[in-house]
S.K.: 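This is the structure I have questions about; it appears just below.
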Number of protein chains: 2
Amino acid sequence: MSSRFDELSAFVEVARRHSFVGAARQLDKHVSAVSRAVATLEARLGVRLLQRTTRSVALTEAGRDYFQRGEALLAEFDGAEAAVRDLGASLRGTLRVSAASGSGVIQIAGLVPEFLAAHPHLQLDLQLGNRYVDLIEEGYDLAIRVGALADSRLIARKLAPNRRVLVASPAWLERHGRPRTPAALQRHACLVLDIGTHPQRWQLVRRGAEEHVDARGPLRSNNVLALLAACRGDAGIALLPEFAVAADLRAGRLRRVLAGWATPEHGVYAVYPSARFVPAKVRAFIDFIAQRLRAPTVDA
Amino acid sequence: MSSRFDELSAFVEVARRHSFVGAARQLDKHVSAVSRAVATLEARLGVRLLQRTTRSVALTEAGRDYFQRGEALLAEFDGAEAAVRDLGASLRGTLRVSAASGSGVIQIAGLVPEFLAAHPHLQLDLQLGNRYVDLIEEGYDLAIRVGALADSRLIARKLAPNRRVLVASPAWLERHGRPRTPAALQRHACLVLDIGTHPQRWQLVRRGAEEHVDARGPLRSNNVLALLAACRGDAGIALLPEFAVAADLRAGRLRRVLAGWATPEHGVYAVYPSARFVPAKVRAFIDFIAQRLRAPTVDA
DNA sequence: CATATTGTTGCGCTATTCGCAAAGATCATT
DNA sequence: AATGATCTTTGCGAATAGCGCAACAATATG
């Protein structure tokens with residue numbers, strides 16, 4: 001017992017029941033503890049709160065005042081704790097997500113409506129940007145990132161495999177022909193995704209074999225959608241995330257080039273701080289995205 | 001540390017300063033204690049409140065929520081304690097006083113206005129009555145009583161000496177003559193104060209000598225003022241509290257009879273519960289009354 | 001790259017608190 | 001009137017919990 005809080009709850013319980021033994025039973029403490037707690041409280045306040053006899057417990061004027069306030073205070077306290085507990089355990093509040101814009105991860109945005117529909121009390125704050133964000137410092141719940149992660153304070157969970165593949169439009173291939181080797185790419189119009197270090201240095205692998213290509217071409221952009229649009233418009237060969245082009249491949253709007261080759265697998269990761277207490281909303285979002293990315297991509 | 005309250009204050013302080021060491025300094029605790037307190041709190045809530053690095057401390061969403069509520073809660077808590085402390089230490093609130101009506105103690109009522117004027121924030125609830133009141137049970141702050149006290153749970157402080165003296169009006173004495181001995185009273189008209197046991201059995205003492213008189217007469221009342229008025233109106237000899245007749249004696253409206261004789265000293269007492277924490281208002285009232293009763297009685 | 005600061009954690013020690021029991025007090029019942 | 005039952009307080013020994021120290025891991029600064 002003791003400590004301002006226990007003192008207060010002891011006093012309130014005694015005042016409520018006009019009995020020390022009753023209060024002790026309720027609080028699952030020994031009578032002596034309750035008695036001491038109230039005595040300590042009175043000593044600290046320098047005021048007598050309860051006028052007690054072996055046969056009766058009555059409130060003094062100060063006691064009545066403190067009882068009223070204290071009872072409300074305890075309720076608020078419990079309320080605050082319950083609310084926070086709730087916030088962590090239930091699917092409420094705001095989910096702040098950071099994702100690199102233009103990296104293709106924004107495809108995930110297409111999954112968002114379904115997620116939100118399933119959790120009506122949840123608000124999503126989806127921040128897209130290429131700027132490096134410090135999740136902890138800026139109060140993000142999680143980030144969707146591609147490839148290796150730098151921050152060791154963070155937990156990463158792989159959502160889906162991910163590699164980039166080469167694509168071009170049927171019309172473009174018709175006109176310029178299909179390159180047969182990675183090296184041949186040098187002579188074609190490459191559409192370069194300007195993300196990370198050495199964006200124009202395409203690393204391609206095929207069953208252990210590895211080649212590096214210096215990609216040059218008419219368009220360079222930090223936005224996957226921009227490249228995708230250009231590619232559909234017969235502008236050249238692009239190296240784009242597999243899931244970003246899946247729909248176009250199935251629809252026949254794009255064809256794979258050098259089908260055996262692709263970039264090394266990097267993976268799409270959900271990154272979040274502190275594995276200790278992961279809020280339910282974060283876990284739910286990650287689970288949802290992971291499940292959807294495992295399932296065949298839905299056409300847009 | 002520990003206990004919900006300390007946990008909360010530790011967390012709030014850390015959240016406020018974004019620093020554990022700063023909070024520890026402020027709270028005059030060791031950093032380890034603060035760290036543990038927050039960790040315990042998080043464990044109990046099952047929610048992470050602070051996202052911490054060795055270099056930065058940031059609030060999670062749950063943390064922000066709890067911080068807001070918690071900060072307000074602490075303020076309210078301090079407020080409640082301060083208010084109650086104040087109520088005990090300052091002269092505010094209501095002072096409930098019980099006094100036996102008719103016993104002459106109501107003379108004290110004449111002192112009340114001055115007392116109240118000196119303490120404008122104080123309200124007085126002066127309950128007069130002959131019914132026995134349980135101070136504790138009925139929430140009185142103090143009672144003014146004459147003579148021995150029965151309740152051992154109460155503290156008694158003597159306010160003034162008190163004995164009853166015999167008085168009569170000059171006109172009455174002129175007409176009936178002065179009795180020379182107590183026994184002579186039997187032949188005179190006695191005005192009997194009907195309080196306590198054996199009211200008509202007047203016990204008189206004088207330097208060790210003691211006599212008992214069976215008082216009989218035309219008037220018997222449980223009210224001092226009634227007897228006083230009758231006495232002034234030449235109705236007979238009354239045995240009344242000294243302080244109740246002091247003004248009349250000085251003004252010459254009444255004269256003492258058998259001046260050497262008086263009842264044994266009983267005293268006027270202030271009676272109140274619990275010597276442990278006496279509210280300032282109670283102490284102030286008692287001090288005031290005691291001082292005024294020591295000083296020569298003011299004319300009405 | 002070295003240094004200083006910050007948050008966490010393990011460990012031993014002290015202090016506090018708890019639980020029991022006895023005492024003191026009061027009401028009900030015989 | 002006396003006995004018994006119930007209730008609050010308090011003294012005391014035992015046990016738990018909290019504290020402070022120190023080492024550690026991580027990180028920013030010069």
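Computed from heavy atoms alone, side chains included, the values below leave out hydrogens, waters and symmetry copies. In what follows, chains carry the letters A, B, and so on, assigned in the order in which the sequence lines appear, proteins first and then strands, with residues in each chain numbered from 1.
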S.K.: Using atom NZ of B/Lys29 as one end and atom P of D/dG20 as the other, report the distance to the nearest whole Å.
M.R.: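 Between P of D/dG20 and NZ of B/Lys29: 7 Å.
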
S.K.: In whole angstrom, give the distance that lies between atom CD1 of A/Ile136 and atom P of D/dA26.
M.R.: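 Spelled out: CD1 on A/Ile136 to P on D/dA26 is 13 Å.
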
S.K.: Would you tabulate the side-chain donor-acceptor contacts of residues 23-35 of chain A under 3.5 Å, counting partners in other chains and residues two or more places apart, or write 'none'?
M.R.:
{"from": "A/Gln26", "atom 1": "OE1", "to": "A/Arg17", "atom 2": "NH2", "distance (Å)": "3.0"}

S.K.: How would you list, by chain and number, every residue that makes a side-chain hydrogen bond (donor to acceptor under 3.5 Å, both in side chains) with A/Glu138, sequence neighbours excluded?
M.R.: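 In terms of side-chain hydrogen bond (donor to acceptor under 3.5 Å, both in side chains), with neighbours along the sequence ignored, A/Glu138 is linked to A/Arg131.
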
S.K.: Could you give the CD-to-P distance, from B/Gln51 to D/dA26, as a whole number of Å?
M.R.: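 Checked: the CD to P distance equals 16 Å.
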
S.K.: Could you state the atom-to-atom distance from CZ of B/Phe20 to P of D/dT27 in whole Å?
M.R.: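 The distance from CZ of B/Phe20 to P of D/dT27 comes to 16 Å, rounded to the nearest Å.
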
S.K.: In chain order, what residues pass the ring pair (Phe, Tyr, Trp, His ring centres under 6.0 Å) check against A/Phe5, with sequence neighbours excluded?
M.R.: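 With sequence neighbours excluded, A/Phe5 shows a ring pair (Phe, Tyr, Trp, His ring centres under 6.0 Å) to A/Phe77, given in chain and number order.
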
S.K.: Using a cut-off of 4.0 Å between protein heavy atoms and nucleotide atoms, how would you tag nucleotides 11-17 of chain D 5' to 3' with B, S and -?
M.R.: BB-----

S.K.: Round to the nearest Å and state the distance from B/Phe11 atom CZ to C/dG7 atom C1'.
M.R.: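 Nearest whole value for this atom pair: 16 Å.
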
S.K.: Using only heavy-atom distances, determine whether the side chains of B/Gln123 and B/Asp125 contain a donor-acceptor pair under 3.5 Å.
M.R.: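 B/Asp125 and B/Gln123 do not have a side-chain donor-acceptor pair below 3.5 Å.
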
S.K.: Are there any protein N/O atoms within less than 3.5 Å of an N/O atom in nucleotides 28-30 of chain D, and if so, which ones and at what distance?
M.R.:
{"from": "D/dA28", "atom 1": "O4'", "to": "B/Arg55", "atom 2": "NE", "distance (Å)": "3.4"}

S.K.: B/Leu49 CG to C/dG7 P: how many Å, rounded?
M.R.: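 Rounding to the nearest Å, CG of B/Leu49 and P of C/dG7 are 16 Å apart.
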
S.K.: Grab the CD-P distance between A/Glu13 and D/dT8 for me, whole Å please.
M.R.: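 Between P of D/dT8 and CD of A/Glu13: 13 Å.
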
S.K.: Quick one: are B/Ile144 and B/Val97 in side-chain contact, heavy atoms under 4.5 Å?
M.R.: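 They are in side-chain contact.
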
S.K.: Is the shortest heavy-atom distance from the side chain of B/Ile286 to the side chain of B/Tyr272 under 4.5 Å?
M.R.: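 They are in contact (side-chain heavy atoms under 4.5 Å apart), so the answer is yes.
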
S.K.: Measure from the side chain of B/His30, starting at C-beta and using heavy atoms only, and say which of D/dC21, C/dG19, D/dT8 lies closest.
M.R.: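 Of the candidates, D/dC21 comes closest.
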
S.K.: Between B/Arg85 and A/Arg44, which heavy-atom pair has the shortest distance, and what is it?
M.R.: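 For B/Arg85 versus A/Arg44, the nearest heavy atoms are NH1-O, 2.7 Å.
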
S.K.: Students often get this wrong, so: under 4.0 angstrom with heavy atoms, is A/Ser19 touching a base, only sugar-phosphate, or nothing?
M.R.: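 Result for A/Ser19 = sugar-phosphate.
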
S.K.: Please enumerate all residues that pass ring pair (Phe, Tyr, Trp, His ring centres under 6.0 Å) together with A/Phe20, with sequence neighbours excluded.
M.R.: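 Per chain and number, A/Phe20 pairs via ring pair (Phe, Tyr, Trp, His ring centres under 6.0 Å) with no residue.
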
S.K.: Pick base, sugar-phosphate or nothing for A/Val34, based on heavy-atom distances below 4.0 Å to the nucleic acid.
M.R.: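 Nothing: the residue A/Val34, judged by heavy atoms under 4.0 Å, touches no strand.
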
S.K.: With heavy-atom distances below 4.5 Å as the criterion, would you say the side chains of A/Phe285 and A/Leu122 are in contact?
M.R.: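 Counting from C-beta outward, A/Phe285 and A/Leu122 never come under 4.5 Å.
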
S.K.: Using whole Å, what does the distance between atom C1' of nucleotide D/dG18 and atom CG of B/Leu27 come to?
M.R.: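 After rounding, the reported distance stands at 15 Å.
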
